[in-house]
Undergrad: 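I'd like to ask some things about the structure below.
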Amino acid sequence: MPRAKKKSGQFIIIAAVLILIIMLSAVIFLYSNLPSQTLVVKDVAVATNSILNSINSVYSAGASMYSTILNVTGNYTYAALQARSVMLSGLGKLVTLYASYGLSLSTPSISFKAVWYSPYSYTLSQGGLVFNLSNYGVYGVNVSVTQELAVQVVCQTSCINSKGLATLRVYREFGKPDTDLQSNMFYFLVFNQTLSEWVKASPTSFTNYGNGTYALGVPSTSGSRGFLVGLRDSRGILVIASSFTKIVYNLNWGLTQTQAGNLAFVPWTLQILTNGDVQLLGQSVLSGSGQPVPPVPVKDIRVNVTVGSKSAQVPFQVEDWTFNYTQPLGLTGNYTLFSNFQMIVTNINTSVNSVTVYWNGTDTARPSKYSVPANFNYFVNTNNCGNYCIVEVSNGLLAFQFVDNGGFCAATKPDTLGINVSNQYGNLGSINFEVVNSQNMETDCNFGFVVLPGAVREIAIGGFVYGEFLCCDQPITAYNMFPTMVFLIPAKAPYITTFAITRFGSVSTGYNRQITGYTLETLSGSETLSGSYSVYVQTTTNLNQNQWSSTPGAYCVYTQGQNYCSTQGTYTYHLWSAICSSVNNPKQGSDPCNAQKPNSGILMANSLLSSLYNLVLTEQPSSPYAGINLSSRSISVSPFIELNSAVLSFNSAYTLTWTGFLWFWPGTQTVGSTQYNLDPYIVSTIFSSPPTVSVSVA
């Protein structure tokens, strides 16, 4: 967390420096276009025209500053305040420069307007004032000022023709064509995947047709779907135009009608990243290339879903992440630009045909009411701190109690973290976290969970400390481990996403980090639920065969190029594990879980523990194992499974990540007049055959 705050502070400093540079540039531009010394002339017309030109320069400088700050911050209120301040300073300077004229000015009217990131984009400053020239006997001269720069993207059948050219028309105030622009005034915005940000790229060619029309060669890295183009003219006024205002994500679910119908009531979280990637259930689901969302102000973003022929706005949120989407920071502020390591998050179901992200483009647009958490009653959060600290998050279907037992370094009860899950009928299960070499991780006496509210999902972050010290009278041999658990809690969903990050720091000389067992989390079935509960594991890639095993003590292994479970010497497939009340005499080929009653489990896509493969064991087998352990009433996720007394030993820095899904089905649910049940086989179809997403722009 401190590193995340440091990065945030660095960003604020950089932004402040950029704004200072902008202000200095605007002031320099302003004063370079004003008279350099006090003037004395006898011609009233010359004097009047000189003042009019200077006033226009002041309004040009205001438009320049407004547009440039808007480009850096996305905050039009702040941009307008700063631009107005510079303009008032400039107008005050005019009174000094024209003192010999007897110049006096009324309080000016000043307004700004910008519409960006659209096929017709413009920046505008307007206003007026009254001035007097008392030494010439001239009084009450009304001045109305407009300074504007507009860019129109000319689209025929395509915004980029077969020669890779984009055609633009450029206008000044009152629709006058701007005919004398140079190639160095234009630039394209191109998303750099390595830097994860938009960068400027010069046109590959430039043609000025002399009538305000320009043809620009589009860099190949812009892609063929569309482009973003910026223009700063000789007055310093900036405009950013886009050939598109919508990105459409078309979903092909690939499920049978029966499976899709059963899943239609379950919300699944769709993540749209700044680099254009689209993720569902921990997997990229893009078919073909993506389209990065432009760096539009977050307040301008809207999200629609289409079901059949009907389209409507839906709740969504924009989240801040850092460290390549491994550390969540919370919801993005409305007065900032959609940029590095942010994501748009919304919930969909199997009836959704497409999701459309679009933007308003106007500087005065208000944030969508669909992105404000207070507008929805999905989540209820409560805090309770006594001998234990508990934060409870209710998502409208389930209640998740994040518990810190507060027993720091006690020999019998270390300060551990856990989650209890329940609904109105009782407890559905519990999760404990982070055990290394048979010892629980410590939270260092601080409350271990921070809950970040949201509109469509909430984020809970749990932190641990495990370093070079003795705890509970046991020697620590897993030096410099810093695990973080992130839980993403969708609204009204029977699951939460678990995202685990373990950072291994470098071990100093003289220490020997040795790991003989490491468990990320253990899911245990509820002791309060009645009936006979068993642990089952899927053992086939053919979902229609419903093959399973219920043998306690099995372990499901992920290694390089392999994915299997070992049950009594038989190696089989694994996609889900479930703790459930079984049906009477379950048989192979049928569902062993009674979906009418509560069940819980772990689901995950293939190879989600693969980050451990780069480490080297000191003993055989030569590559680490990562997988899931099964007992009679619990399921454990183990990035490192002890096999043949193998030891994981390394002294260098390393980061391990894992994504999985904790499933808690509360039993038969009713939506309207429809009752439905879900079993692990139905749910696992989403993981084994996720939808593919194709992208288009409009």
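We're numbering straight along the sequence, starting at 1.
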Undergrad: Between Asn347 (side chain) and Val456 (backbone), is there a donor-acceptor pair under 3.5 Å?
TA: yes
Undergrad: Assess, by modelled atom type and distance only, whether the side chains of Asp320 and Gln342 contain a donor and an acceptor separated by less than 3.5 Å.
TA: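 Present: a donor and an acceptor within the cut-off.
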Undergrad: Kindly list each side-chain donor-acceptor pair under 3.5 angstrom involving residues 188-200, sequence neighbours excluded, with atom names and distances?
TA:
residue : atom : partner : partner atom : Å
Asn192  : OD1  : Thr194  : N            : 2.9
Asn192  : OD1  : Leu195  : N            : 2.8
Gln193  : NE2  : Asn275  : O            : 3.4
Glu197  : OE1  : Asn340  : ND2          : 3.4
Trp198  : NE1  : Val293  : O            : 3.4

Undergrad: Give a yes or no on whether the backbone of Ala114 and the side-chain of Asp363 come within a donor-acceptor separation of less than 3.5 Å.
TA: yes
Undergrad: Indicate yes or no for a side-chain donor-acceptor contact from Trp268 to the backbone of Leu281 under 3.5 Å, with no hydrogens or angles considered.
TA: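 Such a contact is absent between Trp268 side chain and Leu281 backbone.
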Undergrad: Check for a donor-acceptor pair, side chain of Asp300 on one end and backbone N or O of Asn360 on the other, with a separation under 3.5 Å.
TA: no
Undergrad: Classify the ring geometry of Phe244 against Trp359: parallel below 30°, tilted from 30° to 60°, perpendicular beyond 60°.
TA: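 If you compare the ring of Phe244 with that of Trp359, the planes turn out perpendicular.
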Undergrad: Examine distances only and state if a side-chain atom of Thr306 and a backbone atom of Asn353 form a donor-acceptor pair shorter than 3.5 Å.
TA: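 Not at all, since once roles are kept as given, no pair shorter than 3.5 Å links the two residues.
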Undergrad: Run the ring-centre check on Tyr214 versus Phe186 and record whether the distance is less than 6.0 Å.
TA: yes
Undergrad: Find out whether Ile686 and Trp253 are in side-chain contact, i.e. whether some heavy atom of one side chain is under 4.5 Å from a heavy atom of the other.
TA: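 Yes; the side chains approach each other to less than 4.5 Å.
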Undergrad: Check the orientation of Tyr536 and Trp548. Use parallel for under 30°, tilted for 30 to 60°, and perpendicular for over 60°.
TA: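 Correct class here is perpendicular.
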Undergrad: Determine, using ring centers only, whether Phe487 and Phe400 are less than 6.0 Å apart.
TA: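 Judged by ring-centre distance (under 6.0 Å), Phe400 and Phe487 do not meet the cut-off.
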Undergrad: Do the side chain of Ser339 and the main chain of Leu337 share a donor and acceptor less than 3.5 angstrom apart?
TA: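 Side chain of Ser339 to backbone of Leu337: a pair is present.
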Undergrad: Ignoring hydrogens and angles, tell me if any N or O in the side chain of Thr336 forms a donor-acceptor pair with the backbone of Gly333 under 3.5 Å.
TA: no
Undergrad: In a table with atom names and distances, give each donor-acceptor pair under 3.5 Å that connects a side chain of residues 369-378 to protein atoms at least two apart or in another chain.
TA:
residue : atom : partner : partner atom : Å
Ser371  : OG   : Ser368  : O            : 2.8
Asn375  : ND2  : Lys369  : O            : 2.6

Undergrad: Determine whether the side chains of Thr123 and Trp116 contain a donor N or O and an acceptor N or O closer than 3.5 Å.
TA: yes
Undergrad: With sequence neighbours left out, what residues match Arg302 under side chain to side chain donor-acceptor pair (under 3.5 Å)?
TA: none
Undergrad: Determine whether the side chains of Arg232 and Ser67 contain a donor N or O and an acceptor N or O closer than 3.5 Å.
TA: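 The criterion, which ignores hydrogens and geometry beyond distance, is not satisfied for Ser67 and Arg232.
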